[in-house]
Amino acid sequence: MMNKLVYCAIILSSVFATGCATERSRRIVDGEDTEVTAGFAEADLRIVVSKAIQDIDRASVRYAKPGARRIVNVKPFTVDTTARGSQAGYLAESLKLYFEEELMNGEKFIVYNEDFAAQTGTAAVRPEFILTGKLLEQNVRRDNGNFYKENALLIKLTDVGTGLDFWQKRVPLQKAVDKTNVMN
């Protein structure tokens, strides 16, 4: 009799736990159904890059050459988040590629291919600007005890000829997270 009670209790608890599992939240981003996650979804990266590119375009009156596109070298991004190993590498590479894509497809920049220049020994063209970036993360506790994860992308455009920082932007991305998912 005791074994049957223990067995029933185990089955009921597993059914209850499975039945009470919450469905993952979803949202619509750029017309696409996306999972809400404490980590980064591709839509999150695209949104952050798009915001930064819009600001670079607004600031272009300071560095635009009439009738010419400027040459920019996009450096690998630094990722200072809880993402580790290949996930951090993926984030860094994705950010670099998204920036290169947006800059090349715009009207103001041509992206310098540093790897190609190094492999072929061609140095006829030099970049005029270097774009660097860093992705940071912090957990912030609200007054009501809830947490949110604040990620911020810091981007800087530096003039290669002078070494002067020409443009800089901090693009925040906040995500609400359950306190059990917060790493201290």
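We count residues from 1, following the sequence as given.
- The minimum heavy-atom distance between Ile71 and Pro127, with the atom names listed, is CG2-CA, 3.6 Å.
- Its side chain within the 4.5 Å cluster rule, Ile130 clusters with Val160 among the Ile, Leu, Val, Met, Phe, Trp and Tyr residues.
- Here Lys108 pairs with Asp57, Ser60 under the side-chain contact (heavy atoms from CB on, under 4.5 Å) rule; sequence neighbours left out.
- With rounding to the nearest 0.5 angstrom, the CG atom of Leu154 is 10.0 Å from the OG1 atom of Thr78.
- Contact record, Arg69 with Gly106: NH2-O, 3.3 Å, taken as the closest heavy-atom pair.
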Passes side chain to side chain contact (heavy atoms under 4.5 Å, CB included), Phe129 versus Phe109? Steps please. CA-CA 10 Å; Phe129 295 98; Phe109 288 102; 4.2 Å; yes

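- Among residues two or more places apart in sequence or in another chain, the side-chain contact (heavy atoms from CB on, under 4.5 Å) test is passed with Glu100 by Val74, Lys96, Leu97, Met104, Val111.
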Assess the residue pair Ile110 and Val72 against the criterion (side chain to side chain contact (heavy atoms under 4.5 Å, CB included)); give the C-alpha distance rounded to whole Å, side-chain angles, the decisive distance to 0.1 Å, and a yes or no. CA-CA 6 Å; Ile110 297 172; Val72 63; over 6 Å; no

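- Taking Arg58 as the reference, Gln54, Asp55 meet the side-chain contact (heavy atoms from CB on, under 4.5 Å) condition, with sequence neighbours excluded.
- Every residue two or more places apart in sequence or in another chain that forms a side-chain contact (heavy atoms from CB on, under 4.5 Å) with Gln168 is listed here: Lys156.
- The side chain to side chain donor-acceptor pair (under 3.5 Å) test applied to Lys75 returns Glu114, not counting sequence neighbours.
- For the atom pair Leu45 CG and Leu95 CG, the distance stands at 5.0 Å (nearest 0.5 Å).
- Leu157 and Leu131 make their closest contact through CD1-CD1, 4.0 Å (heavy atoms, listed as atom of the first residue, atom of the second, distance).
- Contact annotation: the side chain of Leu135 never approaches that of Asp80 to less than 4.5 Å [non-hydrogen atoms, C-beta and beyond].
- Here the closest heavy-atom approach between residue Trp167 and residue Ala59 is recorded as CD1-CB, 3.5 Å.
- Residue pairs that meet the ring pair (Phe, Tyr, Trp, His ring centres under 6.0 Å) test with at least one member in residues 65-98, sequence neighbours left out, are Phe77-Phe99.
- Every side chain to side chain donor-acceptor pair (under 3.5 Å) that Thr158 has, sequence neighbours left out, goes to Asp165.
- The side chain to side chain donor-acceptor pair (under 3.5 Å) search around Thr162 returns none, not counting sequence neighbours.
- How far CD1 of Ile155 is from NZ of Lys134: 13.5 Å, rounded to the nearest 0.5 Å.
- Applying the salt bridge (charged side-chain N to carboxylate O under 4.0 Å, His left out) test to Glu93 and every residue at least two apart in sequence or in another chain returns nothing.
- Salt bridge status for Arg46 with Glu101: present, with a side-chain N to carboxylate O gap under 4.0 Å.
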